[in-house]
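I have placed the structure first, in the form of structure tokens, so that the comments after it can refer back to it.
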Amino acid sequence: MDLAPRVAANLVSVTDRVAAAAARSGRTPADIRLVAVSKTFGVDYVEAAVSAGLRELGENKVQEAARKKAATLERGITWHFIGHLQSNKARVAAETFDWIHSVDSVSLLRRLDRAATDLHRSLNVLVQVDLAGEATKHGGSVAEVQRVIDAASSCESVAVRGLMVLPPWSPDPEQTRPFFRQLRQLRDQCATTTGAGLQLDQLSMGMSHDFEVAIEEGATIVRVGTALFGPRPVAQA
Ligand SMILES: *Cc1c(COP(=O)(O)O)cnc(C)c1O
């Protein structure tokens with residue numbers, strides 16, 4: 001099948017699965033944002049996503065996303081950064097993205113805020129949490145997450161909207177359920193200690209193979225690549 005109809009057909013099936021998971025947990029699909037992860041795919045995939053009706057795209061490399069954004073400026077896309085953000089790329093990231101899911105330190109938060117203020121942009125950010133304590137994964141410790149949230153009220157252009165987790169990969173989504181549940185509990189706990197004006201209403205959790213479980217546990221943003229676009233091309237060395 002051609003690319004655009006294939007992505008459109010995949011979107012129908014993903015949307016059905018989102019709706020079923022929402023129904024199972026007494027939630028409405030309108031409260032769940034589907035971010036289509038186009039990392040490693042070309043602009044043709046971004047265009048296919050747009051023609052299928054998607055307007056929220058996720059990328060994990062700043063330069064790669066900036067290129068795709070430049071090629072699709074008229075499409076009204078909201079860009080999400082879901083990868084690890086090096087502090088020297090904070091400015092380009094603040095210029096390119098609308099949402100950044102991977103803030104894991106107070107210093108990165110402040111850098112993004114300064115950049116966004118300079119650029120007269122407003123940014124939504126999520127704090128990425130390392131719930132598994134994995135040295136190889138990015139994300140802040142629970143203590144650092146609390147410090148980032150405390151620092152949020154002094155930001156001018158950045159709004160801290162919630163938390164994000166990327167649990168250790170397991171083929172069995174039930175294995176990741178406890179991480180999703182923990183993220184929601186941590187968010188609830190943080191929400192009780194934050195000042196007025198900070199709305200921690202977003203939980204970014206769940207990918208192609210486990211987004212249904214994530215929705216059952218309260219995800220408001222799911223990040224889905226493979227289930228929409230097919231297997232990713234093998235990375236070039
Ligand atoms: C690649 C990626 C995704 C999407 O993964 P799929 O399994 O293809 O849906 C989601 N979140 C993050 C952080 C990613 O890097």
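Counting starts at 1 for both ligands and their atoms, following the listed order. Throughout, residue positions are numbered sequentially from 1 according to the sequence presented.
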Closer than 4.0 angstrom, basic N to acidic O: yes or no for R75 and E47?
yes
Looking only at protein heavy atoms, what sits closest to atom 8 (O) of ligand 1 is T226 OG1, 2.4 Å
For V224, the ligand 1 atoms with a heavy-atom partner under 4.0 Å come out as 9 (O)
Exercise for the section: Examine A227 against ligand 1 and note whether any of their N/O atoms are separated by less than 3.5 Å. Expected result: no
closest protein heavy atom to atom 9 (O) of ligand 1 is S208 OG, 2.5 Å
Worked check of side-chain hydrogen bond (donor to acceptor under 3.5 Å, both in side chains) between S102 and Q128
CA-CA 5 Å; S102 48; Q128 184 173 356; 4.6 Å; no
Closest to atom 13 (C) of ligand 1 among protein heavy atoms sits I82 O, 3.6 Å
Among non-hydrogen protein atoms, atom 11 (N) of ligand 1 lies closest to R223 NE, 2.8 Å
Within the 4.0 Å heavy-atom cut-off, what H101 brings close to ligand 1 is neither
On a heavy-atom basis, the closest approach of L11 and L228 is CA-CD2, 3.7 Å
among protein heavy atoms, the one nearest atom 15 (O) of ligand 1 is K39 NZ, 2.7 Å
* Asked: Charged N to carboxylate O below 4.0 Å: is that the case for R121 and D98?
  -> yes
Parallel, tilted or perpendicular for Y45 and F229, by the 30°/60° rule? perpendicular
With the side chain counted from C-beta on, respond yes when E64 and K68 share a heavy-atom pair under 4.5 Å apart, and no when they do not.
yes
**Prompt:** Does some non-hydrogen atom of R232 fall short of 4.0 Å from ligand 1?
**Reply:** yes
Under 4.0 Å from one or more heavy atoms of G225, ligand 1 contributes atoms 4 (C), 6 (P), 8 (O), 9 (O)
Original post:
Does the distance from a Lys or Arg side-chain N to an Asp or Glu carboxylate O, for R177 and E216, drop under 4.0 Å?
Top reply: yes
among protein heavy atoms, the one nearest atom 5 (O) of ligand 1 is M207 CE, 3.3 Å
Considering only NZ, NE, NH1 and NH2 on the basic side and carboxylate oxygens on the acidic side, decide whether R17 and E212 come within less than 4.0 Å. yes
